Amino acid sequence: MDFLAALAILLVVAKSIEWIFEKVEIHPIIAHVLTGVLLGPFVLGIIEPTEDLKVLATFGLIMMMLYMGLTSNFSAIAQNTKKAVFVAFLGVAFSFFLGFLTVYTFGKGATAAIFIGITLGNTAIEVTSGVLVKERVKREVSSILMGAAFADDIMAVYLIGIITAMANGGLEPASFGWLTVKIFAFIAATLLISEFIFKRSRWFFSIVKNLNVFFTFTLILTFSLAIIAEWVGLNQIIGAYLAGLTISRLRERKDPLVVTRIKLNELIEDLQVVLTEFFIPLFFIYVGLMFNPPLASISLILIALLYASAVLGKLIGCGLGAKLSGLNWKDAITVGIGMGGRGSLELAILTFGLSAGLIDQTLFASVIVVSMLTALSTPVFFKTYLKRAKA
């Protein structure tokens, strides 16, 4: 099929399904992935995941990571830093352990088990924030939830670096230590520079005032950090995410006239239209197009166990972390349920793992299903539990 015709069909179908799903409050990511699955090789076979679509999907992934960084609040965990980090760490640890154990038990090998464990360790901040917008919770619980989800993203940045090393076959103790140093040095240097440029420097104010110049600067910074990240042996999406995260620090700038915040919000609004309506959906559609496991290899038991690992890993880990941090059991369970959603970053990691040969189509498809299920079930579990707790 002609590239433009395929592109038009994919976007029209995706936005149509998204519009239907919005009526019943289903996350748009599910509509986009489902479009790729339906129109791709697995079901109808109308559209193939071509190289042209892959290029657009890759660009969409980089821009999605930029957008995630821009919409993150670097100071979100300032009030409950230790609690949020502790909650996030235990959630990642328990999810990793359960995911690793499940995959390894099914005989998929240690590399695949480590990869899936890492993938299940992350929480989708967009799912968590969406849940909090619709439900009223205590300020402390809300702060810990957003802080822990943010800390999860930082941990994911580190773990993606490890995954990249796995793909390159370099996870010996010496190379692992060097990789860790490079990752933290890159993150620390980027955030340190942002402290002086985006929070304090006066000359940068002239860039922010002109939205066109600010937009161009954002794109240059995004691709520059993506290239630098690749040069030091990390993944491009780490640089893109850090670009958005550093620019988001304009919110912390002391500006009596709040010009910087206004311009930052205008930038995000301008980007949001292009990204959420075109580039980001294309990435998730491409993920769906890549979904093509042999029917005989699909294991409902594996999917069920991975889903249980994803949900229970966060419920037990984050819930226990919240309880040990001083919250009562009701609030601790609220945190554990709220951290259960998976979404965009997990799909990005999965796509990389499949392309690098770290996992097969069976595991790729299984975890995609698990991610979609958690995105669907987390808001339902959260709302139901809060109602019962209040009653």
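Fair warning: this is a prediction, and the values are worked out from it, not measured in the lab. In this chain, numbering begins with 1 at the start of the sequence shown.
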What I'd like to find out is whether the side chain of [X] reaches to under 4.5 Å of the side chain of [Y], using heavy atoms alone.
{"X": "L61", "Y": "Y286", "result": "no"}
{"X": "K108", "Y": "L363", "result": "yes"}
{"X": "L312", "Y": "F94", "result": "no"}
{"X": "E18", "Y": "V13", "result": "no"}
{"X": "I285", "Y": "V33", "result": "no"}
{"X": "F214", "Y": "E266", "result": "no"}
{"X": "M64", "Y": "F283", "result": "yes"}
{"X": "K54", "Y": "T58", "result": "yes"}

- Worked verdict on Y241 versus L66 for side-chain contact (heavy atoms from CB on, under 4.5 Å): CA-CA 5 Å; Y241 178 77; L66 165 66; over 6 Å; no
Within one Ile-Leu-Val-Met-Phe-Trp-Tyr cluster: [X] and [Y], side-chain cutoff 4.5 Å:
{"X": "V43", "Y": "L11", "result": "yes"}
{"X": "M339", "Y": "L324", "result": "yes"}
{"X": "I303", "Y": "L101", "result": "yes"}
{"X": "F352", "Y": "V55", "result": "no"}
{"X": "I301", "Y": "F100", "result": "yes"}

- Task: Report yes if the distance between the aromatic ring centroids of F223 and F59 is under 6.0 Å, otherwise no.
- Result: yes
[atom1]-[atom2] distance between [X] and [Y], expressed to the nearest 0.5 angstrom:
{"X": "E277", "Y": "L282", "atom1": "CD", "atom2": "CG", "result": "11.5 Å"}
{"X": "L275", "Y": "M63", "atom1": "CG", "atom2": "CE", "result": "5.0 Å"}
{"X": "S16", "Y": "F21", "atom1": "OG", "atom2": "CZ", "result": "11.5 Å"}
{"X": "D52", "Y": "L4", "atom1": "CG", "atom2": "CG", "result": "9.5 Å"}
{"X": "I116", "Y": "T111", "atom1": "CD1", "atom2": "OG1", "result": "11.5 Å"}
{"X": "L225", "Y": "I220", "atom1": "CG", "atom2": "CD1", "result": "12.0 Å"}

Are the side chain of [X] and the backbone of [Y] linked by a donor-acceptor contact shorter than 3.5 Å?
{"X": "T378", "Y": "G341", "value": "yes"}
{"X": "T374", "Y": "S371", "value": "yes"}
{"X": "Q361", "Y": "N292", "value": "yes"}
{"X": "R249", "Y": "L191", "value": "yes"}

What heavy-atom pair brings [X] and [Y] nearest, and what distance separates the two atoms?
{"X": "S299", "Y": "F106", "answer": "OG-CE2, 3.9 Å"}
{"X": "T334", "Y": "F382", "answer": "O-CE1, 3.4 Å"}
{"X": "G91", "Y": "C318", "answer": "CA-SG, 3.5 Å"}
{"X": "L120", "Y": "A310", "answer": "CD2-CB, 4.2 Å"}
{"X": "I30", "Y": "A375", "answer": "CD1-CB, 4.3 Å"}
{"X": "A14", "Y": "A31", "answer": "O-CB, 4.2 Å"}

- Query: Can we say K323 and D331 salt-bridge, meaning some charged N sits less than 4.0 Å from an Asp/Glu carboxylate O?
  - Reply: no
Pairing donors with acceptors under 3.5 angstrom, does anything connect the side chains of [X] and [Y]?
{"X": "T246", "Y": "T190", "value": "no"}
{"X": "T362", "Y": "S297", "value": "yes"}
{"X": "S377", "Y": "Y307", "value": "yes"}

- Using the six-membered ring wherever Trp is involved, compare the ring planes of H32 and F284 and label them parallel, tilted or perpendicular (cut-offs 30° and 60°). parallel
- Out of V370, T102, L300, V103, which one pairs with L305 under the side chain to side chain contact (heavy atoms under 4.5 Å, CB included) rule? T102
- Take I247 and L70 through the side-chain contact (heavy atoms from CB on, under 4.5 Å) test and state the conclusion after the steps. CA-CA 6 Å; I247 293 174; L70 284 172; 3.6 Å; yes
- Query: Around F97, counting heavy atoms of other residues, nucleotides and ligands shown, do more than 12 lie under 6.0 Å from its CZ?
  - Reply: no
- Give a yes or no on this: more than 12 heavy atoms of other residues, nucleotides or ligands lie within 6.0 Å of atom OH of Y104. no
- Task: Go through the steps for K82 and S325 under the test side-chain contact (heavy atoms from CB on, under 4.5 Å), then give the verdict.
- Result: CA-CA 9 Å; K82 293 181 180 178; S325 298; over 6 Å; no
- Before giving the answer on side-chain contact (heavy atoms from CB on, under 4.5 Å), spell out for F217 and V208 the whole-Å C-alpha distance, their side-chain angles and the decisive distance to 0.1 Å. CA-CA 9 Å; F217 174 85; V208 175; over 6 Å; no
